[in-house]
Amino acid sequence: MAAYNPASIEPKWQKFWLDNHIFAAESISDRPKYYVLDMFPYPSGEGLHVGHPEGYTATDIVARYKRACGFNVMHPMGWDAFGLPAEQYAIKTDTHPSVVTRKNIQRFKSQLQSIGFSYDWQRQVDTTDPQYYRWTQWIFTILYDTWFDDQKNCGRPMADLIEEFNTGQRKPADGTSWQAMSEVAKRQLLESYRLAYQLEAPVNWCPALGTVLANEEVIDGRSEVGGFPVERRPMRQWMLRITAYAQRLLDGLSTLEWSESLKLMQRNWIGESQGAKVKFAVGDAVLEVFTTRPDTLFGATYMVLAPEHPLVNLTADKSSVPVAWPPETPLAWRGEPPAASPRAAVDAYQRATAARSERQRQEDTRKTGVFTGLFAVNPVNSERIPVFISDYVLAGYGTGAIMAVPGHDDRDFEFASKFQLPIRAVVRRPDQTNMPLPMTDPGIACHSPWIDGLPTGEAKEKMCQLLEEKQFGQRQITYRLRDWLFSRQRYWGEPFPIVHLADGTTVALAESELPLRLPEMSDFKPTQTIEPPLSKAQHWRDVHVRLIGLGENPKAEVVAAGAPGAVPARRELNTMPQWAGSCWYYLRYLDPQNAECFCDPSIEKYWLSHPAGVDLYVGGAEHAVLHLLYSRFWHQVLFDRGYVSSPEPFRKLVNQGLILGEAEYTLFSDDVGNPVSIIDVHPDWQSAPGPDGKMRFVSRRLSDGKELYASPVDPDAVERRGDVAVLKASPEIRVDARSFKMSKSRGNVVNPDDVIRDYGADALRLFEMFMGPLEQVKPWSMAGVEGVYRFLGRVWRHIAGTPDFPSRIVLERDGHLYRGEAELGEAESRLAREERESLLRPLHRTIRKVTLDIDRLSFNTAISAMMEFNNLLGKPATLDRDQMLTFVRLLEPFAPHMAEELHQLLTGSNESISRLPWPNCDEALCADDAVDLPVQINGKLAGRVMIDLNLADAEVLKRALADAQIQARLAGRPMKKHVYVKGRMLNLVVQG
RNA sequence: GCCCGGGUGGCGGAAUGGCAGACGCUCAGGACUUAAAAUCCUGUGACCGUUUUCGGUCGUGCGGGUUCGACUCCCGCCCCGGGCACCA
């Protein structure tokens, strides 16, 4: 056989798998199902980097292993292809985004196929395909048609709500009569219940890019792309009422096999707070606040509203903000500079707040604010306290208003100190009466007539009870989670299946109208205004519709202008955010071609009901919160509406760790080129262009602040000394040693294509897994790739043989041993049987280890177990074919191309090795019957004795004590006791 | 600031209460070769003694504790990585 040459075998098997649909999943089967899912990629123009195949290899190993164990395995791949980069690239190059996207998908697909992943490519999905986004739109109409019933704690169809209004079981909140309402008024009321609704909300508007940006896309008040200024401005937006599901999303977490840290991230994101809502009177109006410390109500000395709070809305018909300052209003309360009236002060402050970006608000936490001229009455003591507005109170959280208790809240304390407001202690530490304020820890209530002497926990409880009795307020749970801003002013996204009617109401399109395709536009660039690009597609935008179905909750069918019942309408011009398509793609894989529904219910049931959900989901931690929360939300809505059968989409989830670039050494030198030890370099490095135009790091010398410049150092010139790296040539100079995140600008990106070209896909796969634990951050190393490549070469040599090392494979047939066609002689046969016998235990141990390790996703140790076994194959004169076949079977999930090739060589079969069942390990063959037992004296290793594993405790002790070396170490000291752990070790406890 | 995760040879890592450093990389020596590469074999935690076979001491971020026995469990601290951050 020729030497191992991956280039000659890998493409052949990739084609074989594809042509024969080797990895196709059965949509429904008698076999148990196993659904192993990757986070599908955004097909960027850059192509794959070595980070992608990490998670993909892990899932591929599991998929191949589970198939071998008899499972019907779903292992699909697809494209999350809507999104801003494609759109911007399209604008720059004046090509249509669909063209760019198609090209990128092709590139990604061929790259993924060259790694030999066992995807069922017939199930591939593409979020930009109208046959896919048709169902994204359909799910949106389900969200639009769902309201959340707080009593039943689940989402229900709008028809049920209408029924409740019609029967009088439910009444409009403002006390008006449903029956007396106009059709339009009814529709408007219903809008306020829908999970998909519209809201005038402040967004990050970037005029230069002509689009709204997500918070993550805004850095320091400028756009991440291009660095253009971003402003906050209110715009009409679609929102999804994810907050209605906050408790369900929280409760569901405990049923999931996700890492605790990931669940915690989601819990923190949802941010449940228990407390109370308290009503304060402000003139004739009622001001509600949320507090987690109702026990400190007697310590409230002022109130603060968010600047955007409706009570201080100056544009309202009847603003409650007075026109003149109340007598004796301190100058400091009137604004900076002091305004002539509360209205002027509030107006100026509101403008100033609006001009500040979210980021600025977060970074500068110094307290500012103005007095509104209003006073509120504290319900518990009838005290009259001033009402301020300040941007430290957020409009989007709680009620957008707080009672300020400066004695027991750091922020209120800071504000009160600045504005000279009274600070009162109403909680004391159990052991002292006087303590410095603010005191935010729990303690004992004081100066609070209703609850004096109660510890904080009980005081809260008692206060809530009293508030409820006296109708001053009630218990309340508030979540940090906000409703999901769901619209974008972009072209390359899913159009909303919604039309706007002349009366200002909206109607969802009938199912027969889907997909609503993006209009073909030659000019899809952003407009220079706040209008989305789709506004330019006039022929598409302006339509006539006929309303069908229920009066209050109709659907729209597009008709010709003159048709009976036709009314003019305008399509929604926003598009959905990139998250939309990825919220449900795992459902479409199950039945990707279905034109009747998003997924056939019986197929959905087979794959998701038992055990519930996707069995293994692997992806990057960057999606720990948003994607995983959004998907869970959609899934729960679909579950409530009866469209899916599992309450949660992803049962087990694992985040693969980031792969960093190869280790780099950096030396700093001053402007005349003298090297500077890293201990004298300021740790804040800045990037700046050097004289050659390339980016380099610049820092300052700690001792004199002089500018220093970084340059890379050849690894051979560096020596590691403990924690530090020094120059070999001058060891007094320490250099910086670390691995950086791969990025195009650093030039340390490793392209999998290059690795495959030099070492093959199997070596790439193996190294990705051998680097270390899946979830850990790890630096890339080409030398490491070479290591696993050598391993594969040795496996090949042992099993296939090479010109230098002819094959030693022997095969037993009818009790006779053969090498090829030649029968072995008697002596040789005896030796071959002995050699087979001696490999039996190592082989079974390897089976056990590899099996267990795949189950616990510990791929690096599974690979080392196979390496250890392979290291035993060099010596014997013969190797048993069936044993080698078993070994190759174990290797298949990791290095499938080589495994196929060796399987074919060993058996002559034309079947794929993936069809062979997973080997069983014989436990009896895993254990040795004799061991070299370590013997300790007082916990320290003192010697060892050969013993039979089944030897009795007392006998083992006797043998140990008989050992000369151990006797010497005991030195005659009397033994107090001994501990024998069967087969593991013996510990002798003696004096001293 | 709060919340998670982690700290083991020159490097990636293994061992989850029982022989610390599996496996791989690196490096060194040897074999093959005219030579080199590739490949194969041997060695490779530090220190000390014998100076060869062998033996000893120390050693899992630091300091305490529990235990016959601790990388592993408990308490306190230091450092690194990640997440959240005016959320009332």
Side-chain angles (χ1 to χ4, degrees), chain A residues 3 259-265 267-269 271 273 275 289-293 296 304 361-362 364-367 390-394 396-405 408-412 414-415 478-482 621 624-625 655 657-658 663 715 718-723 725 737-739 766-767 770-773 775-788 790-791 793-794 797 802 804-805 858 860-868 870-871 874 931-941 944 965 976-981 983-990:
Chain A
S259 71
E260 277 311 311
S261 65
L262 193 78
K263 289 195 213 179
L264 208 75
M265 269 200 239
R267 285 195 187 105
N268 291 341
W269 192 264
S273 293
V289 300
F290 173 71
T291 177
T292 54
R293 293 294 301 272
T296 61
V304 188
R361 266 174 92 157
Q362 273 172 21
D364 183 7
T365 60
R366 282 175 302 184
K367 300 292 172 283
S390 170
D391 65 0
Y392 85 91
V393 173
L394 307 174
Y397 182 75
T399 61
I402 60 155
M403 61 172 207
V405 184
H408 305 282
D409 182 282
D410 292 322
R411 297 150 304 179
D412 296 346
E414 199 189 326
F415 189 90
T478 297
Y479 302 94
R480 204 189 71 105
L481 185 68
R482 308 293 157 83
V625 178
N655 288 128
L658 199 65
V718 174
E719 197 178 350
R720 298 295 296 229
R721 291 196 177 170
D723 284 348
R738 62 173 120 165
S739 297
L766 221 49
F767 182 65
F770 189 62
M771 272 190 285
E775 300 194 60
Q776 198 167 299
V777 179
K778 314 161 270 268
W780 183 263
S781 151
M782 276 301 176
V785 181
E786 236 165 296
V788 295
R790 278 199 284 266
F791 160 68
R794 283 191 286 267
R797 204 180 66 225
T802 64
D804 297 342
F805 296 85
S858 178
N860 54 333
T861 52
I863 293 167
S864 33
M866 290 188 285
M867 286 174 166
E868 282 182 75
N870 185 57
N871 288 344
V931 287
D932 198 11
L933 188 79
V935 180
Q936 302 176 339
I937 294 173
N938 288 347
K940 272 188 185 179
L941 187 67
R944 42 182 74 233
Q965 193 188 341
K976 285 201 293 196
K977 66 184 257 190
H978 71 279
V979 181
Y980 176 54
V981 181
R984 303 289 300 189
M985 60 101 235
L986 172 69
N987 191 15
L988 308 176
V989 186
V990 299

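Below, each value reflects all heavy atoms present in this structure, side chains not excepted, and no hydrogens, waters or symmetry copies. Quantities reported herein were computed from a predicted structural model and do not represent experimental measurements.
Nucleotides B:G59 and B:G69 have their P atoms positioned 16 Å apart, rounded to a whole Å. Spacing between B:G64 and B:A70 at atom P, rounded to whole Å, works out to 14 Å. B:C74 and B:A22 are spaced 27 Å apart, taking the P atom of each and rounding to whole Å. The C1' atoms of B:G6 and B:U72 are separated by 14 Å, rounded to the nearest whole Å. Comparing the C1' positions of B:G45 and B:U26 gives a spacing of 15 Å, expressed to the nearest Å. Spacing of P atoms, B:C80 relative to B:A85, comes out at 23 Å, to the nearest Å. Atom name C1', nucleotides B:U57 and B:G76: the rounded distance is 30 Å, in whole Å. Spacing between B:C71 and B:G7 at atom P, rounded to whole Å, works out to 14 Å.
Counting non-hydrogen atoms under 4.0 angstrom, A:R267 reaches nothing in the nucleic acid. Looking at heavy-atom distances under 4.0 Å, A:V304 makes no contact with the nucleic acid at all. Nucleic acid contact class of A:L394 (heavy atoms, under 4.0 Å, all strands): base.
In this structure, the CG atom of A:L766 is 12 Å from the P atom of B:C25, given to the nearest Å. A:N870 places its CG atom 14 Å from the P atom of B:U39, with the value rounded to the nearest Å. Between the CG atom of A:D932 and the C1' atom of B:G18 there is a distance of 15 Å, given to the nearest Å. Residue A:Y397 contributes atom OH, which lies 13 Å from atom P of B:A85 at whole-angstrom precision. As rounded to whole Å, 12 Å separates atom P of B:G6 from atom CD of A:E260. Spacing between atom CE of A:M265 and atom C1' of B:G5 amounts to 10 Å, rounded to whole angstrom units. For the pair A:D410 CG and B:A88 C1', the interatomic distance rounds to 12 Å; values are reported in whole Å. In this structure, CZ of A:F415 is placed 14 Å from C1' of B:A88, rounded to the nearest angstrom.
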Could you list, one pair per line, each protein nitrogen or oxygen that sits under 3.5 Å from a nitrogen or oxygen of nucleotides 66-71 of chain B, together with the distance?
residue, atom, partner, partner atom, Å
B:C68, O2', A:N987, ND2, 3.3
B:C68, O2, A:N987, ND2, 2.4

Are any protein N/O atoms closer than 3.5 Å to N/O atoms in nucleotides 21-23 of chain B? If there are, list each pair with its distance.
residue, atom, partner, partner atom, Å
B:A22, O2', A:E868, OE1, 3.4
B:A22, O2', A:E868, OE2, 3.2

Fill in the blank from the handout: For RNA chain B, the dot-bracket notation using Watson-Crick and G-U wobble pairs below 3.5 Å, [ ] for pseudoknot-type crossings and | for other-strand pairs, is (((((((..(((.....[....))).(((((.......))))).(((((....)))))..(((((..]....))))))))))))....
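Heavy atoms from other residues, nucleotides or ligands lying under 6.0 Å from CZ of A:R984 number 12 at most.
Closest approach of A:S739 and A:A663 over heavy atoms only: OG-CA, 3.5 Å. A:V393 and A:I402 get closest at one heavy-atom pair: CG2-CG1, 3.6 Å. For the residue pair A:R794 and A:N871, the shortest heavy atom distance occurs at NE-OD1, 4.5 Å. The two residues A:M403 and A:V289 come nearest to each other via the heavy atoms N-CG1, 3.8 Å. Between A:G398 and A:F290, the shortest heavy-atom contact is CA-CB, 4.4 Å.
Out of B:A14, B:C19, B:A88, the shortest distance to the side chain of A:P773 is found at B:A14. Comparing B:C19, B:U26, B:C84 by their nearest atom to the side chain of A:A783 picks out B:U26. Side-chain atoms of A:W269 lie closest to B:C84 of the nucleotides B:A88, B:G18, B:C84.
A:R482 places a side-chain heavy atom less than 4.5 Å from the side chain of A:Y397.
Interatomic distance, CD1 of A:I863 versus OG of A:S858, reported as 9.5 Å (0.5 Å rounding). Interatomic distance, CG of A:L766 versus CE of A:M866, reported as 6.5 Å (0.5 Å rounding). Rounding to the nearest 0.5 Å gives a distance of 7.0 Å between CG of A:N987 and CG of A:N938.
Residue-to-nucleotide proximity on RNA chain B shows that, of A:G784 and A:D409, the 5′-proximal contact is made by A:G784. Between A:R366 and A:V981, it is A:V981 whose nearest contact on RNA chain B lies nearer the 5' terminus.
OP1 and OP2 of B:G18 both lie 4.0 Å or more from every side-chain N or O belonging to A:K940. Between A:R794 and B:C40, a side-chain N or O to OP1/OP2 separation shorter than 4.0 Å is present. Side-chain N/O atoms of A:R797 include one lying less than 4.0 angstrom from OP1 or OP2 on B:C40.
Stacking of A:K367 on the aromatic ring of A:Y392 is recorded, both the 6.0 Å distance cut-off and the 45° axial limit being met.
Of the possible donor and acceptor atoms, none in the side chain of A:D409 sits under 3.5 Å from a partner among the backbone N and O of A:A404.
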Problem - Protein-to-nucleotide contact annotation, 5' to 3' order, nucleotides 31-38 of chain B [B base; S sugar-phosphate only; - none; under 4.0 Å, heavy atom] - result: --------
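Because its glycosidic torsion is within 90° of 0, B:G9 is reported here as syn.
Partners of A:D932 under the salt bridge (charged side-chain N to carboxylate O under 4.0 Å, His left out) rule, at least two apart in sequence or in another chain, are A:R944. Under the rule for a salt bridge (charged side-chain N to carboxylate O under 4.0 Å, His left out), A:R480 has no partner lying at least two apart in sequence or in another chain.
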